[in-house]
Number of protein chains: 2
Amino acid sequence: MLSTACVCTKLRRSARAVTALYDDALAPIGMSTPQFALLRTLQRIGASPLSTLAAASGLDRTTLNRTLQPLETSKLICSRPGADQRVRIIELTGAGMSKLALGTPLWEQAQRRMVDTLGADRDQLFTILDRIEEIRA
Amino acid sequence: MLSTACVCTKLRRSARAVTALYDDALAPIGMSTPQFALLRTLQRIGASPLSTLAAASGLDRTTLNRTLQPLETSKLICSRPGADQRVRIIELTGAGMSKLALGTPLWEQAQRRMVDTLGADRDQLFTILDRIEEIRA
DNA sequence: TCGTCTTACGTGTATATGCACCCAAATCAT
DNA sequence: ATGATTTGGGTGCATATACACGTAAGACGA
């Protein structure tokens with residue numbers, strides 16, 4: 001593989017590699033990393049409007065909507081209108097929580113692999129990535 | 001946006017942010033960052049079989065095929081069979097080279113923005129990402 | 001040389017991602 | 001109250017990404 005000086009290409013490439021690792025780990029429960037990450041986020045913030053969940057995830061609202069569709073089809077999440085009839089509340093179902101419980105050790109396996117590989121560089125990496133996430137202004 | 005301990009989520013998030021920055025910069029020539037990166041790679045390695053270009057780019061062969069389609073439609077690249085009738089040689093067209101010339105200062109603008117933001121951390125970041133790219137083994 | 005194995009590709013399918021544009025509900029100013 | 005504005009969502013479209021599967025051409029051994 002050619003080396004690149006392009007920060008964007010470099011980051012995209014590494015993200016793909018890491019995604020493949022986590023996807024492999026999650027394969028037994030038939031979920032992708034973005035999907036599983038969504039369940040984890042929902043668990044943390046609880047039932048929330050679509051836009052709130054999107055903001056929490058750092059995803060575009062429309063992207064989130066599309067990502068939710070297969071999860072709603074497989075009943076891992078459900079949605080209902082809020083008091084404000086415009087909002088759509090997204091919520092974890094019982095099946096979703098079970099899936100989370102099943103997937104967590106699988107996710108931890110990939111995560112441990114990364115943490116071990118990164119060692120002490122992990123803090124530095126996260127610090128740099130924090131800065132990078134704020135760039136688009 | 002919620003913070004996350006997940007290395008995968010973190011990397012994907014930053015990659016999206018940086019991609020948006022480069023995409024904005026490249027908007028005047030109507031190309032995405034992955035597309036432009038492909039032209040740059042082609043320029044570096046010259047006319048090559050699909051699989052060679054895929055390996056150089058660190059992309060799946062089938063992903064590359066799909067990414068090439070709009071570029072071939074807009075005549076920025078062309079393809080022809082090689083001596084070995086199985087291979088498909090991908091090549092930059094004149095229009096492709098012109099587009100590269102037009103886009104390069106735009107790409108440099110985004111790249112400079114990143115380099116300035118990262119400062120001395122850039123080397124460390126690249127070193128860490130190099131290690132990360134080798135993880136899936 | 002004739003089958004067999006390998007290699008290079010293409011396509012079907014599915015998810016990930018976000019912009020432009022549209023609709024409906026809530027809010028606000030007059 | 002009512003018309004204008006803002007806010008929350010959904011969809012069409014396009015690209016990005018890769019796995020599974022199928023096909024054709026080259027390579028190679030018996």
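The chains referred to below are lettered A, B, ... by the order of the sequence lines, with proteins before strands, and numbering in each begins at 1.
Along DNA chain D, the nucleotide nearest to A:Ile89 and the one nearest to A:Asp24 differ in position, and the one closer to the 5' end is contacted by A:Ile89. Nearest-nucleotide assignment on DNA chain C puts the 5′-proximal partner with B:Val87, out of B:Ala20 and B:Val87.
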Handout entry: Worked verdict on A:Asp23 versus A:Thr33 for side chain to side chain donor-acceptor pair (under 3.5 Å)
Key = CA-CA 6 Å; A:Asp23 279 351; A:Thr33 307; 2.6 Å; yes

Would you give me the side-chain donor-acceptor pairs under 3.5 Å for residues 49-57 of chain A, sequence neighbours excluded?
{"from": "A:Ser57", "atom 1": "OG", "to": "A:Leu53", "atom 2": "O", "distance (Å)": "2.7"}

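In this entry the distance linking CG of A:Leu11 with P of D:dT17 reads 13 Å, nearest Å. One atom, CZ of B:Arg12, and another, P of C:dA16, lie 8 Å apart when rounded to the nearest Å. Taking atom CG of A:Asp23 as the reference point, atom P of C:dA16 lies 9 Å away to the nearest angstrom. Regarding B:Leu71, its CG atom lies at a distance of 15 Å from the P atom of D:dA14, rounded to whole Å. Atom CG in A:Asp84 sits about 15 Å away from atom C1' in C:dC28, given to the nearest Å.
With no hydrogens or angles considered, a side-chain donor-acceptor pair links A:Ser79 and A:Glu72 at under 3.5 Å. Looking only at atom types and distance, the side chain of A:Thr117 has no donor-acceptor partner in the side chain of B:Arg131 under 3.5 Å away.
The backbone N or O of A:Leu59 lies less than 3.5 Å from no partner atom in the side chain of A:Thr63, so there is not a single donor-acceptor pair. Counting only distance, with no hydrogens or angles, the side chain of B:Ser14 and the backbone of B:Lys10 share a donor-acceptor pair below 3.5 Å.
Electrostatic pairing of A:Glu133 and B:Arg16 does not count as a salt bridge here, judged by no charged N lying under 4.0 Å from a carboxylate O.
Residues of residues 49-70 of chain A that place a heavy atom closer than 4.0 Å to DNA chain D, in numerical order, are A:Pro49, A:Leu50, A:Ser51, A:Arg61, A:Thr62, A:Asn65, A:Arg66. Residues of residues 27-34 of chain B having a heavy atom closer than 4.0 Å to DNA chain D, listed by number: B:Ser32, B:Pro34.
Taken together through direct or relayed side-chain contacts under 4.5 Å among Ile, Leu, Val, Met, Phe, Trp and Tyr, B:Phe36 and B:Val115 form parts of separate hydrophobic clusters.
Note that CG of A:Leu64 is 6.5 Å distant from CD1 of A:Ile90, once rounded to the nearest 0.5 Å.
Residue A:Arg16 has no polar side-chain atom (N or O) positioned under 4.0 Å from OP1 or OP2 of D:dA16. The phosphate of D:dA27 (OP1 or OP2) has no side-chain N or O of B:Arg86 nearer than 4.0 angstrom. Contact annotation: B:Arg88 side-chain N/O to C:dG10 OP1/OP2 distance is under 4.0 Å.
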